[in-house]
A.B. asks: 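Pasting a structure below so you can have a look.
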Amino acid sequence: MTVRTRFAPSPTGFLHIGGARTALYCWLESRRRGGEFILRIEDTDRERSTDAAVQAILDAMHWLDLDADEGPFYQTQRLGRYTQVADELVAAGKAYYAYESKQEIEAMREAAMAAGEKPRYNGYYRDRREARRDDPNRVIRFRNPGEGSVVFEDKVKGRIEIANGELDDLVIFRSDGWPTYNFAVVVDDIDMGITEVIRGDDHVNNTPRQINIYLALGARVPEFAHLPMILDKEGKKLSKRTSAVGVMEYRADGFLPHAILNYLVRLGWSHGDQEIFSRAEMISLFDITDVNKAPSRFDVEKLAWLNQHYLKTDEPESLVAEFEWHLQRAGVDVGQWPASVDVIVALRERVHTLKEMVERAKIWYGPILEWDEKAVAKHLKGANAPHVLEAAKVLLAECEWKPAQLHGVIEEIATQLELGMGKVAQPLRVAMTGTQVSPSIEDTIYLTGRDEALKRIDAAIALARG
RNA sequence: GCUCCCUUCGUCUAGUGGCCCAGGACACCGCCCUCUCACGGCGGGAACACGAGUUCGAGUCUCGUAGGGAGCACCA
């Protein structure tokens, strides 16, 4: 049988980091086993679902390049089917109408809690067979087995057993005419032929009741795998207040999609000591049964390390589009001097994110130069600085404008003036950037461009003498 | 409260009874390289939550304790 997995987010917000990992694991499991990956939008909560959120999730999935073979399917378009299945269940006596108001249910729950018991429905309408078609409180409840227990072998957590006595008759159709989550997922997963249900472990406790619905429907029960949560740095639930949670926020922060995927695949899963995984390696090596049971913390530092790893090792050309996306966001006109590829090559070993790269590259995209006082005092005020700058001014006006040739120019100045490389490079570096820190001096000069470099040298000479 | 789940360096993890006085990676510290910053190389500190038991032998098996998490909705 073909393996079919699905990612089924509810569109109540952006795709967050935990959702992205779930999606990745679903995707990987289907890919490795030659199966199919389905995307389904669980939008039955009409209050909280928004079109903007749907779009945000689709965009993020696309950016991460987690392509679905089918979908997106929308639960709101399948109402007829849910109604049909629920009616069948009622007709077969496996579900029934109930008419308590929300307040009555609430009172029932409080009474149970007060008595030190687990809050659950008391089954009042279980066998009353009342058909009050226009009662505004009418819901459909599933008749859960009262005896025995549900056992399933979770691919991550192992064997889980929950007594049916712990479960009550859950509502499968709300009084507003929409199905509830626990019912809609089961109907969908059956109809869509899902063989592996991979989701967050906040659903572990829902699984037994869902299995009972599968059984009542005479459907094959799929395999389950419940992923542990991703916590923040402090070990608390990830929240917007303490950390970035949206996948697209990480994009804005300058992370690469495959770096995020690589980080996520290693969060809760490993393959020996391997840290770096290409897409192909992830696909061939990942196995949902190897995923750890314990929750893990999200560590941006390690993500940053991976991000830099990819900045350093990817083909620079392949980074251009994403880099220019950031340049534009920063208000820089792309397409002018210097070429993005050259900037990337010069900076990729010095930054962890594309956002930082843009920050550092700004000195090459405009004539504005701020002079760092310490840098000026230390490297332009010395006795040698004017000579170095004058010599550079002459040689730079003539030479071929390529890093290798520029390197030759620096060496020539050093030889001529009998100075060490440091004495030559630092004044020039300050002249080019106004600071003491930049890529290699030849790259720095190259990226500045000849006209601008000469202007900056003049300015530096003035400063050196002033 | 009840049910279910989890527990190896600060963090992500390796480890499926002897190969472990616990290995790798991130972070941190030191040294080297060096035109600055980085990159890279080398080295360092740093963990089996606790307690019983099983066993010749336990990070690995069992049971307790402690701590953490999730669920108990006409939300997903």
Side-chain angles (χ1 to χ4, degrees), chain A residues 8-12 42-45 47-49 75 98 100-102 105-106 109 112-121 137-141 154 157-158 160-163 165-168 170-182 184-185 199-208 226 228-229 231 233 235-237 263 266-276 292-306 308 312 347-351 360 375 379 407 410 414 420-430 433 435-442 444:
Chain A
S10 62
T12 54
E42 310 220 318
D43 52 357
T44 52
D45 183 349
E47 303 271 304
R48 301 196 301 150
S49 300
Q75 291 190 321
E100 286 90 356
S101 66
K102 289 180 186 175
I105 295 295
E106 184 59 33
R109 183 176 310 126
M113 285 285 241
E117 281 168 20
K118 196 165 176 166
R120 63 165 89 84
Y121 179 61
N137 290 325
R138 184 219 223 196
V139 298
I140 299 177
R141 282 183 183 272
D154 191 281
K157 305 265 177 188
I160 291 177
E161 174 170 6
I162 292 181
E166 295 299 327
L167 278 22
D168 65 353
L170 74 159
V171 171
I172 59 174
F173 247 83
R174 304 195 292 240
S175 54
D176 68 1
W178 286 96
T180 59
Y181 164 77
N182 278 303
V185 243
R199 72 224 312 191
D201 73 1
D202 46 333
H203 290 294
V204 172
N205 292 282
N206 284 326
T207 305
H226 289 95
M229 298 194 71
L231 276 15
K233 210 172 163 49
K236 299 289 179 194
K237 200 169 177 174
Y263 179 71
R266 278 285 287 105
L267 200 58
W269 175 84
S270 64
H271 178 71
D273 289 340
Q274 189 170 346
E275 296 288 350
I276 306 298
N292 290 159
K293 299 177 181 188
S296 40
R297 303 183 190 204
F298 192 87
D299 181 13
V300 211
E301 303 274 339
K302 188 155 183 181
L303 206 210
W305 170 75
L306 274 165
Q308 185 185 47
K312 284 185 312 201
L347 287 172
R348 61 183 180 164
E349 288 179 356
R350 288 158 233 271
V351 297
R360 304 222 5 207
H379 298 293
H407 183 76
I410 309 300
M421 283 296 272
K423 295 283 183 201
V424 178
Q426 282 306 81
L428 281 169
R429 173 167 282 116
V430 177
T433 67
T435 73
Q436 306 183 60
V437 175
S438 82
S440 74
I441 191 61
E442 61 266 27
T444 302

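In what follows, chains carry the letters A, B, and so on, assigned in the order in which the sequence lines appear, proteins first and then strands, with residues in each chain numbered from 1.
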A.B. asks: Which nucleotide, if any, forms a Watson-Crick or G-U wobble pair with rU65(B), using both distances under 3.5 Å?
C.D. replies: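 Result: rA49(B).
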A.B. asks: Mind checking if Val171(A) touches a base, just sugar-phosphate, or nothing, with heavy atoms under 4.0 Å?
C.D. replies: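 Val171(A): backbone/sugar contact only, no base atoms under 4.0 Å.
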A.B. asks: Please determine, for rA25(B), whether a Watson-Crick or G-U wobble partner exists with both distances under 3.5 Å, and give it or none.
C.D. replies: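 Check on rA25(B): paired to rU11(B), both distances under 3.5 Å.
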A.B. asks: Scan Pro119(A) against the nucleic acid and name what it touches under 4.0 Å (heavy atoms): base, sugar-phosphate only, or nothing.
C.D. replies: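 The answer is base, as Pro119(A) lies within the cut-off (heavy atoms under 4.0 Å) of a base atom.
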A.B. asks: Determine the contact category for Ser296(A): base if any of its heavy atoms lies under 4.0 Å from a base atom, sugar-phosphate if only primed atoms, P, OP1 or OP2 are that close, otherwise nothing.
C.D. replies: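 Result for Ser296(A) = sugar-phosphate.
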A.B. asks: Indicate whether OP1 or OP2 belonging to rC74(B) is found under 4.0 Å from a side-chain N or O atom of Arg141(A).
C.D. replies: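 Yes, Arg141(A) has a side-chain N/O under 4.0 Å of OP1/OP2 on rC74(B).
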A.B. asks: Expressed as a whole number of angstroms, how long is the span from Asp201(A):CG to rG71(B):C1'?
C.D. replies: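 In whole Å, rG71(B) C1' and Asp201(A) CG are 10 Å from each other.
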A.B. asks: When we call it a touch if two heavy atoms are under 4.0 Å apart, what does Ser440(A) touch: a base, just sugar-phosphate, or nothing?
C.D. replies: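 It contacts base atoms.
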A.B. asks: For the backbone of Lys233(A) and the side chain of Arg297(A), can you confirm whether one donor and one acceptor N or O come within less than 3.5 Å of each other?
C.D. replies: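 Answer holds: yes.
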A.B. asks: Whole angstroms only, please: what is the OH-P distance between Tyr181(A) and rC75(B)?
C.D. replies: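 Atom-to-atom, Tyr181(A) to rC75(B), this comes out as 14 Å.
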A.B. asks: Touch check for Gly420(A), heavy atoms < 4.0 angstrom, all strands: base, sugar-phosphate only, or nothing?
C.D. replies: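 Touches nothing.
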A.B. asks: How do Asn182(A) and Lys157(A) order along RNA chain B: which one's closest nucleotide is nearer the 5' end?
C.D. replies: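 Residue closer to the 5' terminus by nearest nucleotide: Lys157(A).
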A.B. asks: Pro439(A) near the nucleic acid: base, sugar-phosphate alone, or nothing, with a heavy-atom cut-off under 4.0 Å?
C.D. replies: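 Answer is base: heavy atoms of Pro439(A) come under 4.0 Å of a base.
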A.B. asks: Which one is paired to rC31(B), where only Watson-Crick or G-U wobble pairs with both distances under 3.5 angstrom count?
C.D. replies: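 rG41(B) is the nucleotide pairing with rC31(B).
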A.B. asks: So what does Ile441(A) hit on the nucleic acid, given a heavy-atom distance under 4.0 Å: a base, only sugar-phosphate, or nothing?
C.D. replies: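 Here Ile441(A) touches the bases of the nucleic acid.
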A.B. asks: Roughly how many Å is it from CD in Glu301(A) to C1' in rA25(B), rounded to a whole number?
C.D. replies: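 In whole Å, rA25(B) C1' lies 14 Å from Glu301(A) CD.
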A.B. asks: Can you tell me the Watson-Crick or wobble partner of rU36(B), both distances under 3.5 angstrom?
C.D. replies: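 The answer is none; no pair meets the criterion.
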A.B. asks: Nearest whole Å is fine: how far is rC9(B) C1' from Lys302(A) NZ?
C.D. replies: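 Rounded to the whole Å, the gap is 13 Å.
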A.B. asks: Say you pick atom C1' in rG44(B) and the same atom in rA27(B); how far apart are they, in whole Å?
C.D. replies: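 14 Å, rounded to whole Å.
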A.B. asks: Looking at Thr44(A), does any N or O in its side chain come under 4.0 Å of the phosphate oxygens OP1/OP2 on rA76(B)?
C.D. replies: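 Yes.
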A.B. asks: For rA73(B), does OP1 or OP2 lie under 4.0 Å from any side-chain N or O of Arg109(A)?
C.D. replies: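 Yes, Arg109(A) has a side-chain N/O under 4.0 Å of OP1/OP2 on rA73(B).
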A.B. asks: Whole Å only: how far is the CG atom of Asp43(A) from the P atom of rA76(B)?
C.D. replies: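 From Asp43(A) CG to rA76(B) P: 10 Å.
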A.B. asks: From NZ of Lys233(A) over to P of rC12(B), roughly how many Å is that when rounded to an integer?
C.D. replies: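 Roughly 10 Å, once rounded to whole Å.
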A.B. asks: In whole Å, measure the gap between the C1' atoms of rU60(B) and rC2(B) for me.
C.D. replies: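 Rounded to whole Å, the distance is 32 Å.
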A.B. asks: In terms of side-chain heavy atoms of Thr180(A), which of rC74(B), rG71(B), rC37(B) is nearest?
C.D. replies: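 Closest nucleotide to the Thr180(A) side chain: rC74(B).
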A.B. asks: Report yes if the side chains of Ile276(A) and Leu306(A) come closer than 4.5 Å at any heavy-atom pair, otherwise no.
C.D. replies: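 Ile276(A) vs Leu306(A): side chains touch.
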A.B. asks: Scan Lys293(A) against the nucleic acid and name what it touches under 4.0 Å (heavy atoms): base, sugar-phosphate only, or nothing.
C.D. replies: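 Answer is sugar-phosphate: Lys293(A) comes under 4.0 Å of backbone atoms only.
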A.B. asks: Contact class for Lys312(A) (heavy atom, under 4.0 Å): base, sugar-phosphate, or nothing?
C.D. replies: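 Lys312(A): backbone/sugar contact only, no base atoms under 4.0 Å.
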A.B. asks: Donor-acceptor pair, distance only, cut-off 3.5 Å: does the side chain of Gln436(A) make one with the backbone of Val430(A)?
C.D. replies: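 Judged by distance alone, no pair lies under 3.5 Å.
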A.B. asks: Can you say whether a donor on the side chain of Glu442(A) sits under 3.5 Å from an acceptor on the base of rC35(B), or the other way round?
C.D. replies: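 Present.
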A.B. asks: Contact class for His226(A) (heavy atom, under 4.0 Å): base, sugar-phosphate, or nothing?
C.D. replies: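 Nothing: the residue His226(A), judged by heavy atoms under 4.0 Å, touches no strand.
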A.B. asks: For Gly268(A) and Ser296(A), work out which heavy atoms get closest and say how close.
C.D. replies: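 Where Gly268(A) meets Ser296(A) most closely, the heavy atoms are N-OG, 4.3 Å.
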A.B. asks: In whole angstrom, give the distance that lies between atom CG of Asp176(A) and atom C1' of rC75(B).
C.D. replies: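 Taking atom C1' of rC75(B) as the reference, CG of Asp176(A) is at 12 Å.
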A.B. asks: Would you indicate, yes or no, if rA76(B) has its OP1 or OP2 atom less than 4.0 angstrom from a side-chain nitrogen or oxygen of Arg174(A)?
C.D. replies: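 For rA76(B), OP1 or OP2 has a side-chain N or O of Arg174(A) closer than 4.0 Å.
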A.B. asks: Take the protein atom CD1 of Ile162(A) and the nucleotide atom C1' of rC5(B), then report the distance between them rounded to whole Å.
C.D. replies: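 Value for this atom pair: 10 Å.
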A.B. asks: From the options rC37(B), rC74(B), rA27(B), select the nucleotide whose nearest atom is closest to the side chain of Arg360(A).
C.D. replies: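 Closest of the options to the side chain of Arg360(A): rC37(B).
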A.B. asks: Base, sugar-phosphate, or nothing for Glu166(A), non-hydrogen atoms under 4.0 angstrom?
C.D. replies: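 It contacts sugar-phosphate atoms only.
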A.B. asks: Answer with base, sugar-phosphate or nothing: what part of the nucleic acid does Glu100(A) contact at a heavy-atom distance below 4.0 Å?
C.D. replies: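 Base, at least one base heavy atom under 4.0 Å.
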A.B. asks: Between Gln75(A) and Asp43(A), what is the shortest heavy-atom contact and its length?
C.D. replies: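 Nearest pair, atom of Gln75(A) first, then Asp43(A): N-OD1, 3.2 Å.
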A.B. asks: Under 4.0 angstrom, heavy atoms only, what part of the nucleic acid is Glu161(A) near: base, sugar-phosphate, or nothing?
C.D. replies: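 Glu161(A): backbone/sugar contact only, no base atoms under 4.0 Å.
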A.B. asks: Distance criterion of 3.5 Å, no angle test: do you see the side chain of Asp202(A) paired donor-to-acceptor with the base of rG71(B)?
C.D. replies: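 No pair found.
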A.B. asks: Could you please name the partner base of rC72(B), counting Watson-Crick and G-U wobble pairs only when both distances are under 3.5 Å?
C.D. replies: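 Result: rG1(B).
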A.B. asks: Taking for each residue the nucleotide of RNA chain B bearing the nearest heavy atom, is the 5' side occupied by Leu231(A) or by His271(A)?
C.D. replies: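 Nearest-nucleotide comparison on RNA chain B picks His271(A).
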A.B. asks: Look at all strands and tell whether Asn292(A) reaches a base, only sugar-phosphate, or nothing, counting heavy atoms closer than 4.0 Å.
C.D. replies: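 Here Asn292(A) touches the backbone only, sparing every base.
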A.B. asks: Consider the side chain of Asp45(A), meaning its heavy atoms from C-beta on, and name the nucleotide among rC75(B), rA14(B), rC6(B) that approaches it most closely.
C.D. replies: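 My answer, after comparing the listed nucleotides, is rC75(B).
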A.B. asks: With a 3.5 Å cut-off and heavy atoms only, can you find an N or O donor on one side and an acceptor on the other between the side chain of Glu275(A) and the base of rG24(B)?
C.D. replies: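 Side chain to base: pair present.
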A.B. asks: Run through Asn205(A), Thr207(A), Asp202(A), Asp201(A) and flag the one making a side chain to side chain donor-acceptor pair (under 3.5 Å) with His226(A).
C.D. replies: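 So, applying the side chain to side chain donor-acceptor pair (under 3.5 Å) to His226(A) and each of Asn205(A), Thr207(A), Asp202(A), Asp201(A), only Thr207(A) qualifies.
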